[in-house]
Amino acid sequence: MEMLSGAEMVVRALEDEGIDHIFGYPGGSVLDIYDALFENSKIEHVLVRHEQAAIHMADGYARSTGKVGAALVTSGPGATNCITGIATAYMDSIPMVILSGQVPTTLIGDDAFQEVDMIGISRPVVKHSFLCKKASDIPLAIKKAFYIASTGRPGPVVVDLPKDVQNPKEKFPYEYPKSVNMRSYNPSKAGHKGQIKRAVKMLAEAKKPVLYVGGGAVLANGKEQVRRLAEQFSLPVTSTLMGLGAFPGTHSQFVGMLGMHGTFEANNTMHNADLIVAIGARFDDRVTNNVAKFCPHAKIIHVDIDPTSISKTIQVDVPIVGAVDTVLDQMLEAVAELGLEIDDGALADWWEQIDGWRAKRCLAYEKSNSIIKPQQVIEALYKATDGKAYVASDVGQHQMFAALYYPFAEPRQWINSGGLGTMGFGLPAAMGVQFAHPEAIVACVTGDGSIQMNIQELSTCLQYGLPVKIITMNNRALGMVKQWQKMFYGGRHSHSYMESLPDFVKLAEAYGHVGIKVDDPAKLDEAMAYAFSLKDRLVFMDIAVDPDEHVYPMQIKFGGMDEMWLSKTERT
């Protein structure tokens with residue numbers, strides 16, 4: 001049997017797990033692992049400029065591929081710098097393994113130099129965690145970490161590695177487990193057959209059904225099953241922010257995103273439905289608004305891999321625990337098995353009502369000859385990329401504009417922090433996508449506030465030659481904060497203006513990239529096309545947009561799904 005040190009076991013285990021990229025930053029407690037990486041490894045290590053960015057890169061890599069992302073950081077501040085990134089992944093159920101260094105086992109609890117209780121600090125925002133107290137623990141701990149991270153409802157897992165456990169001078173037998181069997185963890189994929197038959201019968205009988213698709217459909221690679229179910233029953237389909245792309249945004253049956261900034265037609269379809277089929281969605285507050293007023297006429301079927309998500313917020317009528325792809329396959333099989341006849345015209349009246357809401361054209365906006373509207377930026381981006389880009393976003397108005405005006409045709413195209421709403425996510429996440437898909441078109445949609453939170457990663461982009469295109473909507477303010485202050489705080493804009501900003505073009509050039517400033521609507525399309533024509537260069541587009549533009553529609557606080565602001569002056 002091969003004899004390896006603890007540090008060598010870490011590297012070999014990652015190789016045996018099939019890891020090709022790891023994002024990290026070295027420090028004292030992980031130098032033995034870095035030395036093992038240097039000596040012999042097929043893994044590409046990406047040297048970031050801040051540990052938070054390492055986690056977001058691993059996150060973007062995971063979201064765009066469906067594989068587990070991996071990160072390696074040192075103890076103390078290296079570990080604590082990861083927490084925001086870990087929480088971001090946890091909220092959005094992203095599979096990730098974080099390897100953190102730790103002080104020697106003999107010093108744990110002594111407040112040693114660069115010691116923090118990483119297990120304790122990360123516990124609320126991880127799916128599980130491991131502390132390896134001896135080298136022989138490492139192979140099984142890493143195998144379990146990747147298994148837990150990638151199965152059931154995915155999520156981040158921390159493996160904490162004390163310095164002495166990595167000792168290169170001590171060798172131990174190494175064998176990587178081929179599989180793991182955990183008695184206390186055995187997520188089911190198939191749904192209950194009786195519940196599935198009941199759900200299918202309800203779907204066949206419904207007069208006003210709607211398919212409500214969440215991020216779980218993306219994570220489960222359920223695109224084909226979602227489409228087949230929707231087309232077989234002629235269902236209107238709406239999506240959460242996280243579910244965009246699970247059903248094509250260009251499909252005639254797609255009624256748009258729902259929720260706080262959902263479309264008029266999507267929110268009205270939900271509110272007036274008599275049956276909601278929720279697929280991999282968790283009825284979060286950005287969808288439901290006032291739960292007491294939520295979809296009062298609807299029966300609810302809820303499919304989710306996580307049993308704790310079902311009836312947590314909204315009581316459902318037919319709960320089905322299982323993986324989205326598997327359960328939808330079962331539902332489609334049940335249609336044939338039960339011999340259900342589906343009348344293509346049965347929902348004609350329902351579609352006529354929906355088309356009436358569509359006629360409102362809630363996403364229409366007035367263009368200007370003198371100032372660029374944020375909506376125009378996303379439309380120009382869609383045109384320049386032919387709708388085929390991976391789009392990573394930061395958080396704020398620009399995120400909502402991207403979600404509403406870039407119709408995603410494929411899952412995993414849309415990379416954003418939905419649950420935690422993490423500013424600074426966009427650029428490193430886009431970089432993770434670019435590492436995973438070197439030939440792909442990758443854009444980062446961001447704002448003048450968000451981009452500055454991890455702007456140091458422009459240095460990493462130069463080192464690794466990443467041709468990410470950064471689309472910065474510059475309104476010289478924290479746009480969403482400012483919008484809320486205008487709407488709910490009497491226009492008292494307390495500390496939401498960016499009163500001093502760098503020259504982003506010169507800053508991009510200082511980092512060795514191409515910078516472009518755009519402030520003329522007539523030149524926007526041309527500038528966007530030029531940026532994407534530079535296929536081997538990172539381009540930072542600083543686009544001056546209307547500082548007074550708001551994101552609409554917007555649900556009215558404490559209202560039902562059908563209660564919305566449609567503009568600054570019009571509400572339902």
Side-chain angles (χ1 to χ4, degrees), residues 1-48 51 54-55 58 68-79 81-82 96-110 112-119 122 126 128-150 156-180 182:
M1 188 174 289
E2 191 174 16
M3 304 294 286
L4 299 177
S5 70
E8 291 168 334
M9 287 184 184
V10 171
V11 175
R12 183 63 61 81
L14 292 171
E15 290 175 342
D16 288 345
E17 196 59 45
I19 296 301
D20 50 20
H21 286 83
I22 190 165
F23 305 89
Y25 202 94
S29 69
V30 287
L31 286 184
D32 291 331
I33 297 173
Y34 272 87
D35 198 50
L37 276 168
F38 181 83
E39 287 296 327
N40 180 27
S41 180
K42 304 186 235 10
I43 301 168
E44 181 178 0
H45 177 276
V46 177
L47 176 63
V48 302
E51 289 89 353
I55 308 304
V68 181
L72 172 61
V73 298
T74 194
S75 63
N81 281 346
C82 293
M96 189 186 303
V97 171
I98 303 93
L99 305 174
S100 57
Q102 185 54 275
V103 300
T105 55
T106 54
L107 295 180
I108 290 177
D110 287 356
F113 177 67
Q114 292 195 330
E115 180 191 2
V116 296
D117 178 6
M118 182 56 170
I119 299 295
S122 64
V126 294
H128 199 65
S129 53
F130 297 91
L131 172 63
C132 297
K133 294 184 178 180
K134 53 184 186 294
S136 58
D137 294 341
I138 291 172
L140 182 58
I142 290 179
K143 183 67 178 181
K144 285 183 176 180
F146 277 91
Y147 172 68
I148 292 169
S150 60
V157 178
V158 163
V159 180
D160 209 27
L161 298 160
K163 174 80 170 174
D164 55 328
V165 170
Q166 308 164 32
N167 190 343
K169 295 179 180 178
E170 296 181 358
K171 308 281 185 174
F172 302 92
Y174 172 80
E175 183 177 3
Y176 196 63
K178 290 183 173 58
S179 62
V180 290
M182 302 173 67

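Heads up: numbering here begins at 1 and tracks the sequence.
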Exercise. Where do Phe130 and Ile119 come nearest, in terms of heavy atoms and distance?
Worked result: O-CD1, 3.5 Å

Seminar exercise, completed: Shortest non-hydrogen pair, Val97 vs Ala149, comes out as CG2-CB, 4.2 Å

Exercise. Side chains of Leu14 and Leu99: closer than 4.5 Å at any heavy-atom pair?
Worked result: yes

For this session: Would you indicate whether the side-chain heavy atoms of Thr106 and Pro162 approach each other to under 4.5 Å?
Result: no

Exercise. At what distance, to the nearest 0.5 angstrom, does NZ of Lys169 lie from OG of Ser5?
Worked result: 12.0 Å

Seminar exercise, completed: Separation between CG (Asn167) and CZ (Phe172), nearest 0.5 Å, reads 8.0 Å

For this session: Please identify each residue that fulfils side-chain hydrogen bond (donor to acceptor under 3.5 Å, both in side chains) with Glu17, with sequence neighbours left out.
Result: Tyr176

Exercise. More than 12 heavy atoms of other residues, nucleotides or ligands under 6.0 Å from OH of Tyr25: is that the case?
Worked result: no

For this session: Indicate the atoms forming the closest heavy-atom contact of Ala70 with Ile19, along with that distance.
Result: CB-CG2, 4.2 Å

For this session: Check Val157, Ile55, Val126 against Met96 for a side-chain contact (heavy atoms from CB on, under 4.5 Å) and give me the one that passes.
Result: Ile55

For this session: Quick one: pull up CG in Asp137 and CD1 in Ile142 and give me the separation to the nearest 0.5 Å.
Result: 11.0 Å

Problem set entry | Considering all heavy atoms, the nearest Ala54-Ala71 contact | O-CB, 4.5 Å

Problem set entry | CD (Glu175) with more than 12 external heavy atoms under 6.0 Å | no

Exercise. Tyr147 and Met182: side-chain contact (heavy atoms from CB on, under 4.5 Å), yes or no, with the steps?
Worked result: CA-CA 10 Å; Tyr147 172 68; Met182 302 173 67; 4.0 Å; yes

Problem set entry | Any side-chain heavy-atom pair of Arg12 and Glu2 under 4.5 Å | yes

Problem set entry | Donor-acceptor under 3.5 Å (Glu115 side chain, Gly109 main chain) | yes

Problem set entry | Test item: Leu161 and Ile138 side chains (from C-beta on) under 4.5 Å apart, heavy atoms | yes

Seminar exercise, completed: To the nearest 0.5 Å, atom CG of Leu107 lies from atom OG of Ser75 at 11.0 Å

Problem set entry | Side-chain touch Leu140/Val180, heavy atoms, less than 4.5 angstrom | yes

Exercise. Excluding sequence neighbours, so at least two apart, what forms salt bridge (charged side-chain N to carboxylate O under 4.0 Å, His left out) with Glu170?
Worked result: none

For this session: Walk me through it: do Val10 and Leu72 pass the test side-chain contact (heavy atoms from CB on, under 4.5 Å)?
Result: CA-CA 10 Å; Val10 171; Leu72 172 61; 5.8 Å; no

Exercise. Any sub-3.5 Å donor-acceptor pair from Gln166's side-chain atoms to Ala135's backbone N or O?
Worked result: no

For this session: Would you name the heavy atoms of Lys171 and Met3 that are closest together and state the gap between them?
Result: O-CE, 3.7 Å

Exercise. Atom CE in Met9, atom CD1 in Ile33: separation rounded to 0.5 Å?
Worked result: 12.5 Å

For this session: Working to the nearest 0.5 Å, report the span between OH of Tyr34 and CG of Leu47.
Result: 7.0 Å

Exercise. Are the side chain of Asn81 and the backbone N or O of Pro77 linked by a donor-acceptor pair below 3.5 Å?
Worked result: yes

Exercise. What are the two closest non-hydrogen atoms of Gly28 and Thr74, and how far apart are they?
Worked result: N-OG1, 3.7 Å

Seminar exercise, completed: Exactly one candidate in Ser122, Ser100, Ser129 meets side-chain hydrogen bond (donor to acceptor under 3.5 Å, both in side chains) with Asp160; the answer is Ser100

